[in-house]
There are 2 protein chains.
Amino acid sequence: MAALRMLYHINGLGEGKKMAKDRKIDVVILGLLAHEDLTGYDIKKQIDGAISFFWKGSFGSIYPALSDMEKQGLVKRKKADVTSGREKIFYQITKKGKDTLKVWLNDEKATNDLKYETLLKMYFGGSEDRSVTIRNIEIFEEQVKGNLEVLKIYKENLEKILDQEDHLHFYLTVTFGIETYEAYMKWCNMAKKILKEK
Amino acid sequence: MAALRMLYHINGLGEGKKMAKDRKIDVVILGLLAHEDLTGYDIKKQIDGAISFFWKGSFGSIYPALSDMEKQGLVKRKKADVTSGREKIFYQITKKGKDTLKVWLNDEKATNDLKYETLLKMYFGGSEDRSVTIRNIEIFEEQVKGNLEVLKIYKENLEKILDQEDHLHFYLTVTFGIETYEAYMKWCNMAKKILKEK
DNA sequence: TTTTGATATATCATTTTGATATATTATGTA
DNA sequence: TACATAATATATCAAAATGATATATCAAAA
(Lines give C-alpha, C1' and ligand atoms only; values in the text may rest on other atoms or scores of the structure.)
Protein backbone atom coordinates (compact mmCIF):
# COMPACT_ATOMS: atom_id res chain seq x y z
CA MET A 1 0.00 0.00 0.00
CA ALA A 2 1.31 3.43 -0.92
CA ALA A 3 2.32 5.68 1.95
CA LEU A 4 -0.36 8.31 1.42
CA ARG A 5 -3.09 5.69 1.27
CA MET A 6 -1.63 4.16 4.41
CA LEU A 7 -1.91 7.51 6.16
CA TYR A 8 -5.47 7.98 4.96
CA HIS A 9 -6.16 4.53 6.36
CA ILE A 10 -4.62 5.38 9.73
CA ASN A 11 -6.70 8.54 9.77
CA GLY A 12 -9.84 6.47 9.67
CA LEU A 13 -10.82 6.02 6.04
CA GLY A 14 -11.91 2.40 5.88
CA GLU A 15 -11.49 -0.10 3.05
CA GLY A 16 -15.02 0.13 1.69
CA LYS A 17 -15.22 3.91 1.54
CA LYS A 18 -14.24 5.67 -1.63
CA MET A 19 -10.67 6.78 -1.19
CA ALA A 20 -8.85 9.65 -2.83
CA LYS A 21 -6.09 8.65 -5.23
CA ASP A 22 -2.54 9.79 -4.66
CA ARG A 23 -2.87 13.41 -5.68
CA LYS A 24 0.72 14.46 -6.33
CA ILE A 25 0.08 18.20 -6.25
CA ASP A 26 -0.57 17.82 -2.50
CA VAL A 27 3.02 16.97 -1.65
CA VAL A 28 4.35 19.72 -3.93
CA ILE A 29 2.23 22.22 -2.01
CA LEU A 30 3.19 20.73 1.36
CA GLY A 31 6.87 20.75 0.41
CA LEU A 32 6.71 24.43 -0.46
CA LEU A 33 4.65 25.37 2.60
CA ALA A 34 7.16 23.54 4.82
CA HIS A 35 9.56 26.41 4.09
CA GLU A 36 7.22 29.40 4.29
CA ASP A 37 3.58 30.46 4.22
CA LEU A 38 2.35 31.06 0.68
CA THR A 39 -0.72 32.02 -1.34
CA GLY A 40 -1.97 29.85 -4.19
CA TYR A 41 -0.50 32.37 -6.58
CA ASP A 42 2.89 32.20 -4.82
CA ILE A 43 2.80 28.40 -5.08
CA LYS A 44 2.22 28.63 -8.82
CA LYS A 45 5.16 31.04 -9.17
CA GLN A 46 7.45 28.72 -7.24
CA ILE A 47 6.39 25.73 -9.34
CA ASP A 48 7.14 27.76 -12.45
CA GLY A 49 10.62 28.52 -11.08
CA ALA A 50 13.35 26.05 -10.15
CA ILE A 51 10.85 23.20 -9.87
CA SER A 52 9.48 23.64 -13.39
CA PHE A 53 12.06 21.49 -15.14
CA PHE A 54 11.04 18.38 -13.20
CA TRP A 55 7.42 19.10 -12.22
CA LYS A 56 4.44 21.13 -13.43
CA GLY A 57 1.27 22.40 -11.79
CA SER A 58 -1.61 24.59 -12.92
CA PHE A 59 -4.02 26.86 -11.05
CA GLY A 60 -6.70 24.35 -11.89
CA SER A 61 -5.03 21.80 -9.64
CA ILE A 62 -3.53 24.12 -7.01
CA TYR A 63 -6.66 25.97 -5.82
CA PRO A 64 -8.95 22.93 -5.53
CA ALA A 65 -6.13 21.03 -3.75
CA LEU A 66 -5.63 23.88 -1.26
CA SER A 67 -9.29 24.03 -0.24
CA ASP A 68 -9.47 20.25 -0.06
CA MET A 69 -6.32 20.02 2.03
CA GLU A 70 -7.70 22.67 4.35
CA LYS A 71 -10.74 20.44 4.97
CA GLN A 72 -8.40 17.53 5.65
CA GLY A 73 -6.42 19.64 8.12
CA LEU A 74 -3.15 19.43 6.20
CA VAL A 75 -2.96 23.22 5.77
CA LYS A 76 -4.73 26.17 7.40
CA ARG A 77 -5.55 29.70 6.31
CA LYS A 78 -3.71 32.56 7.92
CA LYS A 79 -5.56 35.76 8.85
CA ALA A 80 -6.07 37.89 5.76
CA ASP A 81 -4.46 41.31 5.56
CA VAL A 82 -7.26 43.66 6.66
CA THR A 83 -5.48 46.92 5.78
CA SER A 84 -6.10 46.32 2.07
CA GLY A 85 -9.32 45.29 0.39
CA ARG A 86 -7.26 42.99 -1.78
CA GLU A 87 -8.17 39.34 -1.43
CA LYS A 88 -5.08 37.33 -0.52
CA ILE A 89 -5.08 33.98 1.28
CA PHE A 90 -1.89 32.77 2.90
CA TYR A 91 -1.69 29.07 3.73
CA GLN A 92 0.32 27.51 6.52
CA ILE A 93 1.30 23.85 6.92
CA THR A 94 -0.09 22.02 9.97
CA LYS A 95 1.41 19.23 12.09
CA LYS A 96 -0.69 16.74 10.13
CA GLY A 97 0.60 18.26 6.89
CA LYS A 98 4.20 17.85 8.03
CA ASP A 99 3.51 14.23 8.93
CA THR A 100 2.03 13.56 5.50
CA LEU A 101 5.10 15.09 3.84
CA LYS A 102 7.38 12.95 5.99
CA VAL A 103 5.49 9.76 5.12
CA TRP A 104 5.74 10.58 1.42
CA LEU A 105 9.48 11.32 1.61
CA ASN A 106 10.05 7.96 3.30
CA ASP A 107 7.90 6.06 0.82
CA GLU A 108 10.13 4.23 -1.65
CA LYS A 109 7.54 4.40 -4.43
CA ALA A 110 8.21 7.12 -6.98
CA THR A 111 6.89 7.54 -10.51
CA ASN A 112 9.19 9.18 -13.00
CA ASP A 113 7.51 10.11 -16.26
CA LEU A 114 8.84 11.78 -19.35
CA LYS A 115 6.51 13.12 -22.04
CA TYR A 116 8.64 14.46 -24.86
CA GLU A 117 6.71 15.38 -27.98
CA THR A 118 10.05 16.06 -29.66
CA LEU A 119 10.96 12.38 -29.31
CA LEU A 120 7.53 11.36 -30.50
CA LYS A 121 8.17 13.38 -33.67
CA MET A 122 11.62 11.84 -33.99
CA TYR A 123 10.20 8.33 -33.60
CA PHE A 124 7.43 8.85 -36.15
CA GLY A 125 9.30 11.23 -38.44
CA GLY A 126 10.75 8.67 -40.85
CA SER A 127 8.15 9.44 -43.51
CA GLU A 128 9.00 13.14 -43.71
CA ASP A 129 11.96 14.88 -45.28
CA ARG A 130 15.04 14.87 -43.04
CA SER A 131 14.99 18.67 -42.92
CA VAL A 132 11.77 18.46 -40.91
CA THR A 133 13.39 16.26 -38.27
CA ILE A 134 16.50 18.45 -38.21
CA ARG A 135 14.32 21.51 -37.69
CA ASN A 136 12.53 19.78 -34.79
CA ILE A 137 15.89 18.98 -33.20
CA GLU A 138 17.01 22.60 -33.60
CA ILE A 139 13.88 23.90 -31.87
CA PHE A 140 14.44 21.44 -29.03
CA GLU A 141 18.09 22.48 -28.83
CA GLU A 142 17.10 26.14 -28.41
CA GLN A 143 14.69 25.30 -25.58
CA VAL A 144 17.33 23.20 -23.83
CA LYS A 145 19.99 25.87 -24.26
CA GLY A 146 17.75 28.46 -22.61
CA ASN A 147 16.88 26.18 -19.71
CA LEU A 148 20.53 25.25 -19.26
CA GLU A 149 21.53 28.90 -18.86
CA VAL A 150 18.87 29.45 -16.20
CA LEU A 151 19.91 26.32 -14.30
CA LYS A 152 23.56 27.36 -14.34
CA ILE A 153 22.65 30.65 -12.69
CA TYR A 154 20.66 28.77 -10.04
CA LYS A 155 23.69 26.53 -9.48
CA GLU A 156 26.13 29.44 -9.10
CA ASN A 157 23.92 31.07 -6.48
CA LEU A 158 23.39 27.83 -4.58
CA GLU A 159 27.11 27.03 -4.48
CA LYS A 160 27.64 29.99 -2.16
CA ILE A 161 25.20 28.73 0.46
CA LEU A 162 25.73 24.97 0.46
CA ASP A 163 26.18 24.86 4.24
CA GLN A 164 22.39 24.68 4.70
CA GLU A 165 20.98 21.20 4.20
CA ASP A 166 18.00 22.46 2.17
CA HIS A 167 20.29 24.34 -0.21
CA LEU A 168 22.41 21.23 -0.75
CA HIS A 169 19.24 19.42 -1.82
CA PHE A 170 18.25 22.24 -4.18
CA TYR A 171 21.80 22.17 -5.54
CA LEU A 172 21.71 18.45 -6.27
CA THR A 173 18.35 18.82 -8.03
CA VAL A 174 19.68 21.63 -10.18
CA THR A 175 22.79 19.61 -10.95
CA PHE A 176 20.57 16.80 -12.21
CA GLY A 177 18.99 19.26 -14.63
CA ILE A 178 22.33 20.52 -15.87
CA GLU A 179 23.74 17.02 -16.40
CA THR A 180 20.71 15.85 -18.35
CA TYR A 181 20.40 19.01 -20.45
CA GLU A 182 24.07 18.72 -21.34
CA ALA A 183 23.43 15.14 -22.43
CA TYR A 184 20.53 16.44 -24.56
CA MET A 185 22.82 18.97 -26.25
CA LYS A 186 25.36 16.28 -26.99
CA TRP A 187 22.62 14.10 -28.49
CA CYS A 188 21.26 16.97 -30.61
CA ASN A 189 24.65 17.48 -32.23
CA MET A 190 25.10 13.77 -32.84
CA ALA A 191 21.61 13.33 -34.28
CA LYS A 192 21.92 16.36 -36.58
CA LYS A 193 25.28 15.11 -37.81
CA ILE A 194 23.89 11.66 -38.65
CA LEU A 195 20.82 13.12 -40.37
CA LYS A 196 22.99 15.41 -42.51
CA GLU A 197 25.11 12.48 -43.68
CA LYS A 198 24.53 10.75 -47.05
CA MET B 1 -2.77 28.36 -34.00
CA ALA B 2 -1.60 24.83 -33.36
CA ALA B 3 -1.44 22.54 -36.35
CA LEU B 4 -4.15 20.12 -35.25
CA ARG B 5 -6.54 22.96 -34.49
CA MET B 6 -5.72 24.43 -37.88
CA LEU B 7 -6.66 21.16 -39.52
CA TYR B 8 -9.88 20.92 -37.53
CA HIS B 9 -10.60 24.45 -38.69
CA ILE B 10 -9.96 23.56 -42.32
CA ASN B 11 -12.24 20.57 -41.87
CA GLY B 12 -15.11 22.88 -41.05
CA LEU B 13 -15.19 23.31 -37.30
CA GLY B 14 -15.98 26.98 -36.93
CA GLU B 15 -14.77 29.44 -34.33
CA GLY B 16 -17.89 29.51 -32.21
CA LYS B 17 -18.33 25.79 -31.89
CA LYS B 18 -16.72 24.00 -29.00
CA MET B 19 -13.45 22.64 -30.26
CA ALA B 20 -11.51 19.64 -28.99
CA LYS B 21 -8.16 20.38 -27.41
CA ASP B 22 -4.98 18.93 -28.86
CA ARG B 23 -5.39 15.33 -27.80
CA LYS B 24 -1.86 13.95 -27.99
CA ILE B 25 -2.86 10.29 -27.90
CA ASP B 26 -4.30 10.79 -31.41
CA VAL B 27 -0.92 11.33 -33.05
CA VAL B 28 0.63 8.45 -31.11
CA ILE B 29 -2.09 6.17 -32.49
CA LEU B 30 -1.78 7.61 -35.99
CA GLY B 31 1.99 7.26 -35.91
CA LEU B 32 1.70 3.58 -35.00
CA LEU B 33 -1.09 2.89 -37.52
CA ALA B 34 1.02 4.49 -40.25
CA HIS B 35 3.25 1.42 -40.07
CA GLU B 36 0.66 -1.35 -39.72
CA ASP B 37 -2.95 -2.07 -38.80
CA LEU B 38 -3.40 -2.61 -35.08
CA THR B 39 -6.02 -3.31 -32.43
CA GLY B 40 -6.38 -1.08 -29.36
CA TYR B 41 -4.65 -3.75 -27.35
CA ASP B 42 -1.74 -3.87 -29.83
CA ILE B 43 -1.41 -0.10 -29.58
CA LYS B 44 -1.15 -0.32 -25.81
CA LYS B 45 1.55 -2.99 -26.12
CA GLN B 46 3.56 -0.84 -28.54
CA ILE B 47 3.27 2.19 -26.27
CA ASP B 48 4.54 0.05 -23.39
CA GLY B 49 7.52 -1.00 -25.51
CA ALA B 50 10.20 1.23 -27.04
CA ILE B 51 7.96 4.30 -26.77
CA SER B 52 7.39 3.95 -23.03
CA PHE B 53 10.51 5.82 -21.93
CA PHE B 54 9.34 9.06 -23.61
CA TRP B 55 5.55 8.66 -23.73
CA LYS B 56 2.76 6.89 -21.87
CA GLY B 57 -0.80 5.93 -22.75
CA SER B 58 -3.54 3.99 -21.00
CA PHE B 59 -6.52 1.98 -22.27
CA GLY B 60 -8.73 4.68 -20.86
CA SER B 61 -7.37 7.12 -23.42
CA ILE B 62 -6.72 4.72 -26.31
CA TYR B 63 -10.18 3.18 -26.75
CA PRO B 64 -12.21 6.40 -26.54
CA ALA B 65 -9.71 8.07 -28.91
CA LEU B 66 -10.03 5.25 -31.43
CA SER B 67 -13.83 5.43 -31.59
CA ASP B 68 -13.70 9.22 -31.76
CA MET B 69 -11.09 9.19 -34.51
CA GLU B 70 -13.21 6.71 -36.43
CA LYS B 71 -16.09 9.22 -36.35
CA GLN B 72 -13.71 11.92 -37.58
CA GLY B 73 -12.56 9.64 -40.41
CA LEU B 74 -8.91 9.54 -39.30
CA VAL B 75 -8.99 5.76 -38.89
CA LYS B 76 -11.32 3.00 -40.03
CA ARG B 77 -12.23 -0.47 -38.77
CA LYS B 78 -11.08 -3.45 -40.72
CA LYS B 79 -13.39 -6.44 -41.13
CA ALA B 80 -13.32 -8.58 -38.00
CA ASP B 81 -11.98 -12.10 -38.17
CA VAL B 82 -15.12 -14.23 -38.66
CA THR B 83 -13.45 -17.62 -38.13
CA SER B 84 -13.20 -17.00 -34.40
CA GLY B 85 -15.89 -15.76 -32.08
CA ARG B 86 -13.24 -13.62 -30.41
CA GLU B 87 -13.91 -9.90 -30.61
CA LYS B 88 -10.92 -8.18 -32.19
CA ILE B 89 -11.02 -4.82 -33.95
CA PHE B 90 -8.17 -3.88 -36.27
CA TYR B 91 -7.83 -0.21 -37.15
CA GLN B 92 -6.35 1.19 -40.32
CA ILE B 93 -5.16 4.76 -40.95
CA THR B 94 -7.02 6.75 -43.63
CA LYS B 95 -5.80 9.40 -46.08
CA LYS B 96 -7.17 12.05 -43.70
CA GLY B 97 -5.34 10.38 -40.82
CA LYS B 98 -2.05 10.47 -42.75
CA ASP B 99 -2.58 14.16 -43.50
CA THR B 100 -3.19 14.90 -39.82
CA LEU B 101 0.02 13.07 -38.89
CA LYS B 102 1.95 15.04 -41.52
CA VAL B 103 0.62 18.38 -40.27
CA TRP B 104 1.63 17.48 -36.71
CA LEU B 105 5.14 16.41 -37.74
CA ASN B 106 5.62 19.71 -39.56
CA ASP B 107 4.28 21.79 -36.68
CA GLU B 108 7.18 23.35 -34.78
CA LYS B 109 5.27 23.42 -31.49
CA ALA B 110 6.25 20.61 -29.13
CA THR B 111 5.73 20.26 -25.40
CA ASN B 112 8.36 18.36 -23.47
CA ASP B 113 7.40 17.55 -19.91
CA LEU B 114 9.28 15.76 -17.21
CA LYS B 115 7.54 14.62 -14.03
CA TYR B 116 10.13 13.04 -11.75
CA GLU B 117 8.88 12.27 -8.28
CA THR B 118 12.44 11.26 -7.37
CA LEU B 119 13.59 14.84 -7.97
CA LEU B 120 10.62 16.19 -6.04
CA LYS B 121 11.77 14.08 -3.08
CA MET B 122 15.33 15.27 -3.57
CA TYR B 123 14.21 18.91 -3.67
CA PHE B 124 12.03 18.64 -0.55
CA GLY B 125 14.15 16.07 1.28
CA GLY B 126 16.36 18.46 3.27
CA SER B 127 14.38 17.91 6.46
CA GLU B 128 14.90 14.15 6.51
CA ASP B 129 17.94 12.12 7.39
CA ARG B 130 20.42 11.84 4.51
CA SER B 131 20.00 8.06 4.46
CA VAL B 132 16.43 8.61 3.23
CA THR B 133 17.62 10.66 0.26
CA ILE B 134 20.40 8.19 -0.48
CA ARG B 135 17.88 5.34 -0.46
CA ASN B 136 15.66 7.28 -2.89
CA ILE B 137 18.62 7.76 -5.22
CA GLU B 138 19.45 4.05 -5.05
CA ILE B 139 15.90 3.08 -6.00
CA PHE B 140 16.02 5.49 -8.94
CA GLU B 141 19.42 4.10 -9.94
CA GLU B 142 18.02 0.56 -10.07
CA GLN B 143 15.11 1.67 -12.29
CA VAL B 144 17.46 3.52 -14.63
CA LYS B 145 19.89 0.60 -14.79
CA GLY B 146 17.08 -1.75 -15.84
CA ASN B 147 15.79 0.64 -18.50
CA LEU B 148 19.32 1.22 -19.79
CA GLU B 149 19.84 -2.49 -20.36
CA VAL B 150 16.60 -2.76 -22.35
CA LEU B 151 17.47 0.28 -24.47
CA LYS B 152 20.93 -1.10 -25.24
CA ILE B 153 19.35 -4.29 -26.60
CA TYR B 154 16.99 -2.19 -28.76
CA LYS B 155 20.01 -0.24 -30.01
CA GLU B 156 22.00 -3.35 -30.92
CA ASN B 157 19.10 -4.74 -32.94
CA LEU B 158 18.47 -1.44 -34.72
CA GLU B 159 22.13 -1.00 -35.67
CA LYS B 160 21.83 -3.97 -38.01
CA ILE B 161 19.00 -2.45 -40.01
CA LEU B 162 19.86 1.25 -40.18
CA ASP B 163 19.43 1.35 -43.96
CA GLN B 164 15.69 1.90 -43.54
CA GLU B 165 14.78 5.50 -42.76
CA ASP B 166 12.22 4.51 -40.10
CA HIS B 167 14.81 2.39 -38.29
CA LEU B 168 17.28 5.28 -38.29
CA HIS B 169 14.62 7.37 -36.54
CA PHE B 170 13.94 4.63 -33.99
CA TYR B 171 17.69 4.34 -33.49
CA LEU B 172 18.12 8.05 -32.78
CA THR B 173 15.22 7.98 -30.30
CA VAL B 174 16.73 5.01 -28.48
CA THR B 175 20.12 6.73 -28.46
CA PHE B 176 18.53 9.72 -26.76
CA GLY B 177 17.32 7.41 -24.01
CA ILE B 178 20.72 5.81 -23.55
CA GLU B 179 22.54 9.15 -23.39
CA THR B 180 20.18 10.59 -20.81
CA TYR B 181 20.05 7.44 -18.68
CA GLU B 182 23.84 7.36 -18.63
CA ALA B 183 23.82 10.99 -17.48
CA TYR B 184 21.37 9.96 -14.73
CA MET B 185 23.72 7.19 -13.58
CA LYS B 186 26.62 9.62 -13.45
CA TRP B 187 24.52 12.04 -11.40
CA CYS B 188 23.40 9.28 -8.99
CA ASN B 189 27.02 8.44 -8.18
CA MET B 190 27.96 12.06 -7.73
CA ALA B 191 24.94 12.84 -5.54
CA LYS B 192 25.45 9.77 -3.34
CA LYS B 193 29.14 10.69 -2.90
CA ILE B 194 28.31 14.24 -1.82
CA LEU B 195 25.58 13.06 0.57
CA LYS B 196 27.96 10.55 2.20
CA GLU B 197 30.57 13.25 2.83
CA LYS B 198 30.93 15.00 6.22
C1' DT C 1 -5.45 59.89 -17.34
C1' DT C 2 -5.64 55.68 -19.19
C1' DT C 3 -4.05 51.54 -20.49
C1' DT C 4 -1.05 47.83 -19.92
C1' DG C 5 0.92 44.16 -17.17
C1' DA C 6 1.30 41.80 -12.81
C1' DT C 7 -1.18 39.99 -8.95
C1' DA C 8 -4.80 36.96 -7.14
C1' DT C 9 -8.66 33.62 -6.78
C1' DA C 10 -11.66 30.60 -8.99
C1' DT C 11 -14.05 27.58 -12.29
C1' DC C 12 -14.80 24.67 -16.41
C1' DA C 13 -14.42 21.52 -20.38
C1' DT C 14 -11.25 18.38 -21.99
C1' DT C 15 -7.74 15.05 -21.51
C1' DT C 16 -5.34 11.51 -19.12
C1' DT C 17 -4.60 8.19 -15.54
C1' DG C 18 -5.18 4.17 -13.01
C1' DA C 19 -8.34 0.94 -11.62
C1' DT C 20 -11.82 -2.20 -12.47
C1' DA C 21 -15.30 -5.14 -15.04
C1' DT C 22 -16.10 -8.67 -18.30
C1' DA C 23 -15.09 -12.34 -21.34
C1' DT C 24 -12.26 -15.21 -24.34
C1' DT C 25 -8.20 -17.87 -25.52
C1' DA C 26 -3.82 -20.08 -24.59
C1' DT C 27 -0.72 -22.46 -21.49
C1' DG C 28 0.97 -25.02 -17.81
C1' DT C 29 0.27 -28.65 -14.44
C1' DA C 30 -1.83 -32.06 -11.44
C1' DT D 1 -8.36 -34.85 -19.21
C1' DA D 2 -9.58 -31.32 -16.14
C1' DC D 3 -8.47 -27.18 -13.89
C1' DA D 4 -6.27 -23.11 -12.82
C1' DT D 5 -3.68 -19.36 -14.26
C1' DA D 6 -1.90 -15.98 -17.42
C1' DA D 7 -2.41 -13.42 -21.57
C1' DT D 8 -5.49 -11.33 -24.81
C1' DA D 9 -9.07 -7.93 -25.79
C1' DT D 10 -12.62 -4.27 -25.29
C1' DA D 11 -14.73 -1.03 -22.45
C1' DT D 12 -16.02 2.20 -18.74
C1' DC D 13 -15.46 5.17 -14.65
C1' DA D 14 -13.94 8.22 -10.82
C1' DA D 15 -10.24 11.00 -9.84
C1' DA D 16 -6.59 13.99 -11.22
C1' DA D 17 -4.39 17.28 -14.16
C1' DT D 18 -4.26 20.56 -18.01
C1' DG D 19 -5.03 24.67 -20.31
C1' DA D 20 -8.13 28.15 -21.00
C1' DT D 21 -11.02 31.58 -19.40
C1' DA D 22 -13.53 34.82 -16.15
C1' DT D 23 -13.25 38.33 -12.79
C1' DA D 24 -11.14 41.85 -10.20
C1' DT D 25 -7.44 44.58 -7.95
C1' DC D 26 -3.13 47.03 -7.94
C1' DA D 27 1.19 49.17 -9.82
C1' DA D 28 3.58 51.47 -13.29
C1' DA D 29 4.33 53.47 -17.54
C1' DA D 30 2.88 56.34 -21.42
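Letters A, B, ... are given to chains in the order of the sequence lines, protein chains preceding strands, and every chain is numbered from 1.
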note = Between CG of B:Asp113 and P of C:dT16 the distance, given in whole Å, is 12 Å
query = With nearest nucleotides of DNA chain C determined for A:Lys24 and A:Pro64 from heavy-atom distances, which residue corresponds to the more 5′ nucleotide?
reply = A:Pro64
request  = State which residues pass salt bridge (Lys or Arg N to Asp or Glu O under 4.0 Å) with A:Asp129; sequence neighbours excluded, sorted by chain then number.
outcome  = none
message = Could you tell me how far apart B:Ile25 (CD1) and D:dT18 (P) are, to the nearest whole angstrom?
response = 17 Å
ask   = Rounded to whole angstrom units, what separation is found between the NZ atom of A:Lys78 and the P atom of C:dT9?
value = 14 Å
key: Results of side-chain contact (heavy atoms from CB on, under 4.5 Å) for B:Glu182 - residues two or more places apart only   = B:Leu148, B:Lys152, B:Ile178
With A:Tyr171 via ring-ring contact (aromatic ring centres under 6.0 Å, His included) - residues at least two apart = none
Identify every side-chain donor-acceptor pair in residues 46-64 of chain A under 3.5 Å, counting partners at least two apart or on other chains, and give the distances.
residue: A:Gln46; atom: NE2; partner: A:Glu36; partner atom: OE2; Å: 3.2
residue: A:Asp48; atom: OD1; partner: A:Lys44; partner atom: NZ; Å: 3.3
residue: A:Asp48; atom: OD2; partner: A:Lys44; partner atom: NZ; Å: 3.4
residue: A:Ser52; atom: OG; partner: A:Gly49; partner atom: O; Å: 2.9
residue: A:Lys56; atom: NZ; partner: A:Ser52; partner atom: O; Å: 2.7
residue: A:Ser61; atom: OG; partner: A:Ser58; partner atom: O; Å: 3.0
residue: A:Tyr63; atom: OH; partner: A:Tyr41; partner atom: N; Å: 3.4

task = Send over the distance from B:Glu117 CD to D:dA17 C1', rounded to a whole Å.
result = 15 Å
Residues A:Glu142, A:Lys145; criterion salt bridge (Lys or Arg N to Asp or Glu O under 4.0 Å); working and verdict = CA-CA 5 Å; A:Glu142 280 167 48; A:Lys145 215 171 164 180; over 6 Å; no
message = Angle between the two end axes of the helix from C:dT1-D:dA30 to C:dA30-D:dT1, five base pairs per end, rounded to 10 degrees?
response = 20°
task = Examine D:dA16: is either OP1 or OP2 under 4.0 Å from a nitrogen or oxygen in the side chain of B:Lys115? Give yes or no.
result = no
query = Is there a donor in the side chain of A:Thr133 and an acceptor in the side chain of A:Asn136, or the other way round, less than 3.5 Å apart?
reply = no
key: Residues touching DNA chain C, which here means a heavy atom under 4.0 Å, drawn from residues 38-62 of chain B   = B:Lys56, B:Gly57, B:Ser58, B:Gly60, B:Ser61
Interatomic distance, B:Arg23 CZ vs C:dT15 C1' [rounded to whole Å] = 8 Å
key: Pairing residues for A:Tyr181 by the ring-ring contact (aromatic ring centres under 6.0 Å, His included) criterion, not counting sequence neighbours   = A:Tyr184
key: With sequence neighbours excluded, residues passing side-chain contact (heavy atoms from CB on, under 4.5 Å) with B:Ala191   = A:Leu172, B:Ile137, B:Trp187
Nearest-angstrom distance from the residue atom OH of B:Tyr63 to P of C:dG18 = 17 Å
key: Protein-nucleotide distance (B:Asn112, atom CG; D:dT18, atom P), rounded to Å   = 15 Å
ask   = Quick one: side-chain contact (heavy atoms from CB on, under 4.5 Å) partners of B:Thr111, sequence neighbours excluded?
value = A:Glu117, B:Lys24
ask   = In whole Å, what is the span from the CG atom of A:Asp22 to the P atom of C:dT16?
value = 21 Å
